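Right, one structure below, let's go through it.
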There are 2 protein chains.
Amino acid sequence: MVRAGLTTERLVQAGAELADEAGFDAVTPSALARRFDVKVASLYSHLKNSQDLRTRIALLALEELADRAADALAGRAGKDALTAFANAYRDYAREHPGRWAATRLRLDPETAAASAGGRHARMMRAILRGYDLAEPEQTHAIRLLGSVFHGYVGLEAAGGFSHSAPDSQESWARALDALDALLRNWPTS
Amino acid sequence: MVRAGLTTERLVQAGAELADEAGFDAVTPSALARRFDVKVASLYSHLKNSQDLRTRIALLALEELADRAADALAGRAGKDALTAFANAYRDYAREHPGRWAATRLRLDPETAAASAGGRHARMMRAILRGYDLAEPEQTHAIRLLGSVFHGYVGLEAAGGFSHSAPDSQESWARALDALDALLRNWPTS
DNA sequence: CCACTTGCCTAAATCTTTTAGGTAGCTGCA
DNA sequence: TGCAGCTACCTAAAAGATTTAGGCAAGTGG
């Protein structure tokens, strides 16, 4: 009996890969056990249950995404920062569709608080330092930015923009142009 | 043996209600059978399988949403139309979270083509008639609008904006102000 | 009122999730 | 080196989901 060397981290990592290959919905203890050529029950020493597995993958993805975004943001400001951050977001979703889907999992408040969600928010606030927005408009702007990133990537992933002109890449570039223009000229209420 | 009076439509309708109450993920043949106090196998005369059920709920939701949006749009133009349309979208998602989640189901191309998706796109284009945008900028703008609506509602549904100031309602209003300003003053590339 | 249709049934196969308890392999200490 | 103990992975089993096949009885049309 050769041991497979299971650990929680290895399982979560493999779960993330499985999500990218077969979709986040396909990430189940059974599928994961097959991948490790191990009996399903063996996973339960490392994972609480199916939901625990998915939550851990979501947390992993949020961290990875935050890392990438932080790298992209380093040393940039203004529209340059906005574009780099947004592209990091979109590229991650395109490279890792399953993990990106995982980031949309609804986390319970305490788990969410311990997640990389806060880093994401702080980075967005950092981008806005390049524009001149005081509170509460800054928060409104952050929420709008988040909505556009989330929404665009989601629609693109769902195939909404494929097979129709103009190219999605072009729309994305124009959306970032538009957001930059909007932030430089934020309307007063 | 009193018959329950199952039909495909009744099952889909009940499935939509179940989705709103317990989440779209909770919509399964078993759960639906329990709701009708009927054996699971009995559903399979009316539904092809579990995926068929979900797809039908998604199509129902897309139709309902298009109907509401069309009502909201009637007789309006410009920012008035934009606001009414956007609010129809957001209100539907808040009133029917499960159905709204269903609209995000990835449909295969032919099913998508037969869905109300086209109506949604045409309505967005109608809104843009109140602004001065020629192709291809019009398409870019539609994609941006869709992203904001989709993204904002999604983040709101995921609890992203709750428990933090300012109020989500306020951010939503400011997002619509911003979109209106952006469309009136669309940046050239 | 009889025959036909069909709505809902039972039965069964297969798969998933999860818990309980056992055995074999690894680690550490003498 | 050899044994003690830990733990990684196992078997077994319960409970529930999905789906197919085939049967009976309630409704409908002649």
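Since we're looking at a predicted model, the values are computed, not measured. Numbers restart at 1 for each chain; the letters A, B, ... are given by sequence-line order, proteins then strands.
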Anything under 3.5 Å between a donor and an acceptor, one on a side chain of residues 141-157 of chain A, the other on a protein residue two or more places apart or in another chain? List them.
| residue | atom | partner | partner atom | Å |
| --- | --- | --- | --- | --- |
| R143(A) | NH1 | P166(B) | O | 2.7 |
| R143(A) | NH1 | S171(B) | OG | 3.0 |
| R143(A) | NH2 | S164(B) | O | 3.3 |
| R143(A) | NH2 | S164(B) | OG | 3.0 |
| R143(A) | NH2 | P166(B) | O | 3.3 |
| S147(A) | OG | R143(A) | O | 2.8 |
| S147(A) | OG | Y152(B) | N | 3.4 |
| H150(A) | NE2 | R104(A) | NE | 3.0 |
| H150(A) | NE2 | R104(A) | NH2 | 3.1 |
| Y152(A) | OH | S168(A) | O | 2.8 |
| Y152(A) | OH | S168(A) | OG | 3.0 |
| Y152(A) | OH | W172(A) | N | 3.4 |
| E156(A) | OE1 | R90(A) | NE | 2.9 |
| E156(A) | OE2 | R90(A) | NE | 3.3 |
| E156(A) | OE2 | R90(A) | NH2 | 2.8 |
| E156(A) | OE2 | R94(A) | NH1 | 3.1 |
| E156(A) | OE2 | S168(A) | OG | 2.6 |

Problem set entry | Y131(A) and D180(A): side chain donor to acceptor below 3.5 Å |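 Yes - a donor-acceptor pair under 3.5 Å links their side chains.
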
Whole Å only: how far is the [atom1] atom of [X] from the [atom2] atom of [N]?
X: H46(A); N: dA8(D); atom1: NE2; atom2: C1'; value: 6 Å
X: R35(B); N: dC8(C); atom1: CZ; atom2: C1'; value: 20 Å
X: K39(B); N: dT10(C); atom1: NZ; atom2: P; value: 5 Å
X: R10(A); N: dC9(D); atom1: CZ; atom2: C1'; value: 14 Å
X: L6(A); N: dC10(D); atom1: CG; atom2: C1'; value: 12 Å
X: L47(B); N: dA17(D); atom1: CG; atom2: P; value: 16 Å
X: L11(B); N: dC8(C); atom1: CG; atom2: P; value: 9 Å

Exercise. Please, which pairs that meet salt bridge (charged side-chain N to carboxylate O under 4.0 Å, His left out) have at least one residue in residues 109-118 of chain B, sequence neighbours excluded?
Worked result: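 Every candidate salt bridge (charged side-chain N to carboxylate O under 4.0 Å, His left out) pair involving residues 109-118 of chain B fails, so no pair, neighbours aside, qualifies.
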
Problem set entry | Per-nucleotide protein contact string for nucleotides 15-20 of chain C (B base, S sugar-phosphate only, - none; heavy atom under 4.0 Å) | -SSBB-

Exercise. Does S45(A) put a side-chain nitrogen or oxygen below 4.0 Å from OP1 or OP2 of dA8(D)?
Worked result: no

Problem set entry | S42(A) vs dA8(D): side-chain N/O to OP1/OP2 distance below 4.0 Å |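 The answer is no; no side-chain N or O of S42(A) sits under 4.0 Å from OP1 or OP2.
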
Exercise. Who passes side chain to side chain contact (heavy atoms under 4.5 Å, CB included) against T7(A), sequence neighbours left out?
Worked result: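 Counting only residues at least two positions away or on another chain, T7(A) forms a side chain to side chain contact (heavy atoms under 4.5 Å, CB included) with E9(A), R10(A).
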
Side-chain polar contacts of residues 23-42 of chain B - donor-acceptor pairs under 3.5 angstrom, sequence neighbours left out - could you list them?
| residue | atom | partner | partner atom | Å |
| --- | --- | --- | --- | --- |
| T28(B) | OG1 | A31(B) | N | 3.1 |
| R35(B) | NH2 | E21(B) | OE1 | 2.5 |
| S42(B) | OG | K39(B) | O | 3.2 |

Would you be so kind as to tabulate the donor-acceptor pairs closer than 3.5 Å made by side chains of residues 71-82 of chain A, with sequence neighbours excluded?
| residue | atom | partner | partner atom | Å |
| --- | --- | --- | --- | --- |
| R76(A) | NE | A72(A) | O | 2.8 |
| K79(A) | NZ | D177(A) | OD1 | 2.5 |

